[in-house]
Every structure is written in C-alpha cells, then in structure tokens.
Amino acid sequence: MATLKLHSLVKRFGDVTAVNGVDLSVENGEFLCLLGPSGCGKTTALRMIAGFENPTAGDIFIDGMPVTAMPPNRRPTAMVFQQYTLWPHMSVFQNIAYGLRLRRLARAVVEEKVADGLDLVGLAGYEKRLPSQLSGGQQQRVALARALVLEPKILLLDEPFSSLDAALRVRLREELLRIQRQLGIATIFVTHDQEEALSLADRIALMQLGNIVQLDTPSELYAHPRNLFAAEFIGAMNLLPTHPSDPTLGLDPRTLSLPPGMQGNASLTVAIRPEDFQVTVPSEPGMWTGEVEQTMDMGHYRKVLVTLAGASAPVKVFMAKSMEVRERQTIGLTPLRYLVYAEESEPVEVVPDRPMPQA
Amino acid sequence: MTVTGSRGSLPEPATYSGRFRVPQSVLGYALILLPLMVMGTLILYPAFLSIADTVTEPSSGGSLQVSLADYVEFFNTPLAVRNLAFSLRITAVTVAVLFLAGFPISLYLRFTHGRLGNLIQMLALFPLFVPGIIAAYALIRFIGDNGWLERFLHLLFGYEGFTSPYLRPAGIVVGLAWEGISITVLILTAGLSQIPDSLLETATDVGANRWQAFWRITMPLMKRSVLIVMTLNFLTVFGSFTIPYLLGPASPEMMGPYMRRTFYDANLPSRAQVQAVITFLISAVISLLYVRSVVSQKVEEES
Ligand SMILES: Nc1ncnc2c1ncn2[C@@H]1O[C@H](COP(=O)(O)OP(=O)(O)O)[C@@H](O)[C@H]1O
Ligand SMILES: [Mg+2]
C-alpha cells in the first residue's frame with residue numbers, strides 16, 4: 001500500500017493558484033523528488049503534506065488514513081527546512097531530544113535515540129555544541145537527525161542543501177541517500193536542481209505552474225520527456241523548430257526522418273540531446289554541416305557550440321575529447337536519436353537506423 | 001621605482017601626500033571632542049559637583065570632610081523613604097502592566113497580516129506622537145471624576161460604582177502605561193520578527209502544540225528583547241515627572257515630583273540633590289544589571 005496519497009490537491013493564495021490539482025502516491029521506502037522551477041508550487045505541496053498549509057481542495061492520506069484536517073504536530077511526517085532549522089538557544093542534544101521528550105519517553109531512551117541519530121548522520125560526540133558552533137552542513141545533518149529520531153512515516157525535505165557549497169551538497173546528497181536506503185523511509189525531496197533530482201530519486205515528479213507534468217523514473221524522464229517544458233528542464237537539450245510545410249523556416253525537414261503521422265503538421269520541434277550527435281570531420285553527404293563557434297573543455301568530455309543552418313541558436317554538442325575540433329572549423333553532425341514534438345500530443349522518438357514508429 | 005601607465009598619474013589621497021599623516025584615531029577623537037566637551041561642562045561636571053556636595057560637609061576648621069550624613073538623614077525621614085518605596089512600587093507595576101499589555105499586541109502583530117493588524121499597529125504607535133502633557137490632560141478628561149469613562153459606564157451599563165483613578169496611584173500607572181506602550185510594542189515586535197517562521201514550524205513538526213512552542217521556542221528567543229524593554233521602561237518610568245505630577249496623588253508621591261517640591265516649594269536644594277543622587281544610583285544599578293546580563297548572554301553564545 002502506498003504510504004502517501006495525494007488526491008486532487010489544490011492550494012490557492014488569493015488569486016495565485018500555487019498547487020493546481022495534484023495527484024500523487026508515494027510507495028513504502030520510495031525516494032521521490034518534487035522537481036520544478038522556482039514558484040511552481042513545490043514548497044506549497046510539501047507544506048500541505050506536513051500540515052503547515054490547509055489545502056483549498058483535495059485530500060491527503062497517509063497509510064490509508066485521511067490526515068487533511070490533522071494539525072502538523074499530530075502527523076507522522078517530519079520535515080527538514082532549507083535554513084534556520086535548528087533552535088539557536090538549544091544544544092544539539094536538546095534540539096534532537098525535544099520531539100522525543102514531548103512524547104514523554106524515559107530519559108535513558110531519549111539519550112540512546114539521540115546518540116543513535118547523531119551516529120547515523122556522522123556527528124557522534126557533538127551533543128553539547130550550540131547550532132552557532134556548527135557549519136551549515138553540520139546544522140542540516142542535525143536537522144535530519146532530529147527528524148529521523150521521531151521515526152516518521154514520511155520524511156519531507158525542502159531544498160535542504162541548497163544554501164551549501166557545491167562539493168558539500170554532493171556529499172550530503174550521497175549521505176542522505178545512504179541513510180534513506182538504510183532506514184527504508186518514504187522520502188519526498190523538493191529541489192529546483194534537476195541534477196540533484198536525477199541523482200537521488202527513484203521517481204521524479206516534475207512540476208510546472210502547480211501541476212505535475214510528468215511522473216517517471218529519472219532515466220525515463222531523461223529519455224522521454226513528455227513535453228517541451230520537460231525536455232528543456234531536464235538535462236541539456238537542443239530544441240530545433242522545423243516546418244514541414246515551409247522548408248525555408250527553421251531546420252530543413254527534408255534532412256530529417258519525420259514520423260509519417262507528423263509530416264502534415266505546420267510546425268514541429270525536434271529535441272536532440274547534445275550527446276546524441278555523431279560528429280564527422282570533414283562533412284559527409286546526408287548530414288548537417290555547421291561551423292564550430294566555440295569549444296569548451298568540460299573535463300572528461302568536450303562541449304562544442306555549432307552554428308547550424310535553420311537553427312536560431314547555436315547547437316550544443318557533447319563529444320569525446322579524443323577528437324580534435326577547432327573554432328571556425330566546419331564539421332558534420334548526424335543525430336543518432338531525437339524526439340519530435342507536435343503541439344498537444346505525445347512526442348515520437350526517432351532513431352534514424354531503426355524502423356519508424358507509427359505516431 | 002618607475003611608475004608607468006595611467007596609474008602613476010593618479011593624485012594620491014591628500015591625507016597621505018603631506019609630511020604630516022593624521023592617524024585615524026586622532027581624527028576620530030577630534031570628531032567627538034565637541035559633543036564630549038558639551039556633555040562634560042554642562043552635564044558631567046555639574047553632576048559630579050552635586051554628588052560631591054552630597055557626600056561632604058564643612059568641618060569645624062572650615063575645610064570639607066567626607067560625610068554620609070545627608071544620606072542617613074534621607075533614610076531616617078519617613079516621608080522620603082515612603083516616597084522612594086512608592087516610586088519603586090509604581091515603577092514595578094507599570095513595567096509589568098506594559099509588558100503584559102504590550103506582549104500580546106506584539107504577538108498579534110507578528111503573527112497576523114491584514115487590515116486589523118495595521119490598525120492596531122497605528123493605534124499602538126499613536127502615543128509616540130502625543131506630547132506627555134497633552135496626553136495627561138486628555139487622560140484627566142477621560143478617566144477623571146465625571147469624565148467620559150464614568151459617563152460611558154453609566155449610560156451603557158447603568159454602572160454607578162466608578163471611582164476615578166485620577167489623583168490616585170492607579171492614575172500614574174494608567175498615564176505611564178499610555179506613554180510607554182508604543183516603545184514597548186516597537187521593541188517586542190522587532191524582537192519577534194527576528195524569529196524565523198521555520199523555527200516555530202519545526203517545533204510543531206516534532207510534536208509541540210502552539211503553547212509548548214511558545215514557551216520552549218518563542219519565549220527563550222525573546223529573552224533579550226524582554227530584558228531591553230523592561231530596563232528601558234524602568235528607567236523612563238522611575239525618573240518620570242509630568243505624568244505623576246499631573247495624575248498622581250499629593251502624598252505619597254514619586255521621586256520626580258518629590259524632588260521638585262523639595263527644591264522649589266520647600267526650598268531645600270541640598271536635600272533635593274540627595275534625592276536626585278539616590279534616584280540616579282538606582283537607575284544606574286538597573287542599567288548595570290542590564291549590561292551585565294547582555295554581556296553574559298553574549299559570552300554564553302560565543303563559548
Ligand atoms: N503564503 C503565501 N501567500 C501568498 N502566495 C504564496 C504563499 N506561498 C506561496 N505563494 C505563491 O505560490 C506560488 C508557489 O510557491 P512555492 O510553493 O513556494 O513555489 P516553489 O517552492 O516551487 O518555489 C508562488 O507564486 C508563490 O508566490
Ligand atoms: Mg520552495
């Protein structure tokens with residue numbers, strides 16, 4: 001049975017609809033990321049689950065029990081905020097112990113649980129410190145321990161690492177994932193960072209303007225973004241317009257293998273991942289040719305911006321560093337795989353060497 | 001050294017180009033010299049003379065000798081002791097009333113947003129813009145015998161048992177509370193707005209109800225603001241003059257009116273001086289306690 005179920009959840013603030021009819025279920029032990037640009041309603045959705053906001057409409061179930069009307073202090077959820085999480089006048093021990101003491105546990109039990117919690121987040125021995133004596137990363141770990149010692153059914157995190165520097169963020173991510181797997185606790189993690197979501201989640205719920213536009217595993221979301229918003233938001237993507245009815249606008253449709261069902265459309269968008277190009281020097285017939293505008297060394301690969309006839313912006317291409325390219329050089333590009341988006345319909349995946357699917 | 005390029009042509013800052021360099025610290029002292037001199041000649045020096053005056057007396061040989069006789073006399077005068085105790089009592093009650101009235105208002109202002117909140121905030125700040133003497137006369141019309149309050153009570157409820165606090169100790173408390181409510185609400189609201197919502201939400205998240213969150217999170221974090229408000233209110237109330245003079249009883253009276261009466265009506269300037277020094281010392285002790293507790297809180301946070 002699903003641990004959490006959201007049913008047509010809506011939240012309005014005056015004229016602003018922050019969450020616009022969200023349906024979602026989170027399974028036992030699942031790590032789900034709520035991903036989307038700033039202002040799309042992620043925090044509001046999470047706060048409704050925690051009980052800090054009352055939904056305008058819809059229902060929330062935890063373990064099959066309706067909790068929509070339950071105040072936050074009685075819900076089996078625990079939340080970690082982005083910042084200002086620890087009570088500054090309490091020691092680390094007191095911070096973690098507070099929730100346990102409210103549950104009237106014996107002193108020895110409290111002490112044991114606090115020690116276990118600190119162990120789990122790698123901060124054993126920090127009991128006596130005040131929050132002001134901890135680094136940002138340590139503070140977030142204590143906040144995590146404070147949430148976990150209460151053994152909640154659902155762990156909620158609202159961009160918990162976004163105010164930390166990049167290296168620390170990556171380390172804490174890995175640590176969080178280890179802890180989540182170890183405890184097998186259902187987790188909802190809010191982030192606007194697609195890379196963070198891709199690296200953490202079992203499933204990602206991609207949000208836009210208060211709606212979930214796609215709910216999929218990271219690899220599915222990356223391989224088959226359901227609409228142009230998802231295509232652009234997840235990973236790097238080239239979005240190239242083409243017009244079957246007028247080859248002079250945009251990408252020349254005759255160079256593409258368009259799905260049969262889409263050839264009558266007035267306008268389409270071709271989405272190609274930068275790593276899905278085959279680069280050839282010199283150019284060969286049947287491919288696109290373009291001029292290298294800029295090359296960037298990205299460490300283990302090379303990023304190249306290529307000016308392409310019909311493309312309004314330079315095309316991003318990721319290529320192996322074994323191949324040399326210079327700026328101003330003309331190269332050939334062959335897309336190995338791309339998605340074609342028509343308005344208001346599911347995209348069609350095209351792999352030129354494979355038989356065309358029916359749209 | 002050769003300097004090339006446009007950098008070499010930049011003029012150096014005037015202060016460093018001459019033979020004399022004015023150290024920063026000297027400049028700083030020069031800037032505060034004038035106010036320091038004014039304070040020294042007009043306040044500190046006369047104050048020092050007065051204090052010196054109260055602890056000395058002429059000896060038989062004509063020279064001055066140290067003597068606490070004036071203070072012994074003060075504490076042996078029943079009226080003086082009574083007035084001092086009265087002042088302390090009124091001050092304690094007013095400080096408590098201000099806190100008990102101001103804190104709920106501040107809490108309301110911090111945790112609600114809307115028209116009513118704005119209105120209450122304006123009302124709370126209003127006394128700040130009314131001169132004390134005007135407020136005092138307005139209050140006399142309001143709470144005095146046959147004042148508006150008495151007439152309201154009579155008209156609305158047929159209540160006849162009203163006794164006016166005017167010229168009673170309660171009158172002073174009402175007047176001083178009116179005067180002090182603005183600054184009380186301002187400081188407490190500022191203190192409350194320093195507490196991020198997330199700290200209180202986290203508390204409810206781990207299982208605290210509102211009441212528990214208030215006592216365990218809000219109150220401890222408000223400790224310093226409360227201390228500031230209490231100290232400030234103590235100092236202004238204890239040394240106040242206008243309100244107790246206009247609204248209070250003739251006897252016992254607070255130190256402000258008492259000093260004035262001793263000085264002018266009884267024409268005993270040296271006794272008024274002793275009263276002033278005692279008033280000053282009590283205020284100084286309270287300020288000192290405040291400073292010490294703030295410093296110890298800081299040390300606690302940093303250790
Ligand atoms: N308390 C609030 N009052 C009014 N509008 C709000 C409130 N909280 C959020 N909003 C609005 O709701 C929308 C979604 O906000 P939020 O859930 O914080 O987005 P996200 O976390 O995805 O950045 C935004 O337009 C925001 O301005
Ligand atoms: Mg947010």
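These values consider heavy atoms only, across backbone and side chains, with no hydrogens, waters or symmetry-generated copies. All chains are named by letter (A, B, ...) in the order of the sequence lines, taking the proteins before the strands, and each is independently numbered beginning at 1.
- Residue contact with chain B, scored on non-hydrogen atoms closer than 4.5 Å, involves the backbone of A:Gln83 exclusively.
- A donor-acceptor pair under 3.5 Å is formed between the side chain of B:Ser198 and the backbone N or O of A:Tyr84.
- Counting heavy-atom pairs under 4.5 Å between each of A:Val80, A:Leu100, A:Leu102 and chain B puts A:Leu102 at the top.
- For A:Arg178, the CZ atom counts as densely surrounded, since its 6.0 Å shell holds more than 12 non-hydrogen atoms of other residues, nucleotides or ligands.
- Heavy-atom neighbours of B:Phe241 CZ from other residues, nucleotides or ligands within 6.0 Å: above the threshold of 12.
- Within a 6.0 Å sphere centred on CZ of A:Phe13, other residues, nucleotides and ligands contribute more than 12 heavy atoms.
- From B:Gln212, atom CD reaches atom CG of A:Asn73 across 8.0 Å, with rounding to the nearest 0.5 Å.
- Looking only at side-chain heavy atoms (C-beta outward), B:Asn209 and A:Pro71 stay at 4.5 Å or farther from each other.
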Note to self: The test is side chain to side chain contact (heavy atoms under 4.5 Å, CB included); show your working for B:Ile217 and A:His89 and say whether it passes.
What the structure shows: CA-CA 8 Å; B:Ile217 313 296; A:His89 59 295; 4.3 Å; yes

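- Residue B:Arg216 touches chain A through both its backbone and its side chain, counting heavy-atom pairs closer than 4.5 Å.
- Atom OG1 in B:Thr202 sits 8.5 Å away from atom CG in A:Leu86 (nearest 0.5 Å).
- No more than 12 heavy-atom neighbours from other residues, nucleotides or ligands sit within 6.0 angstrom of CZ on B:Phe152.
- Rounded to the nearest 0.5 angstrom, B:Leu200 CG and A:Trp87 CH2 are separated by 10.0 Å.
- A donor-acceptor pair is defined here as one N or O able to donate and one able to accept, closer than 3.5 Å; such a pair exists between the side chain of B:Asp205 and the backbone of A:Met79.
- Other residues, nucleotides and ligands place more than 12 heavy atoms under 6.0 Å from the CE atom of B:Met219.
- In B:Arg210, the CZ atom is not crowded: 12 or fewer heavy atoms of neighbouring residues, nucleotides or ligands sit closer than 6.0 Å.
- Interatomic distance, B:Thr204 OG1 to A:Arg74 CZ, rounded to the nearest 0.5 Å: 13.0 Å.
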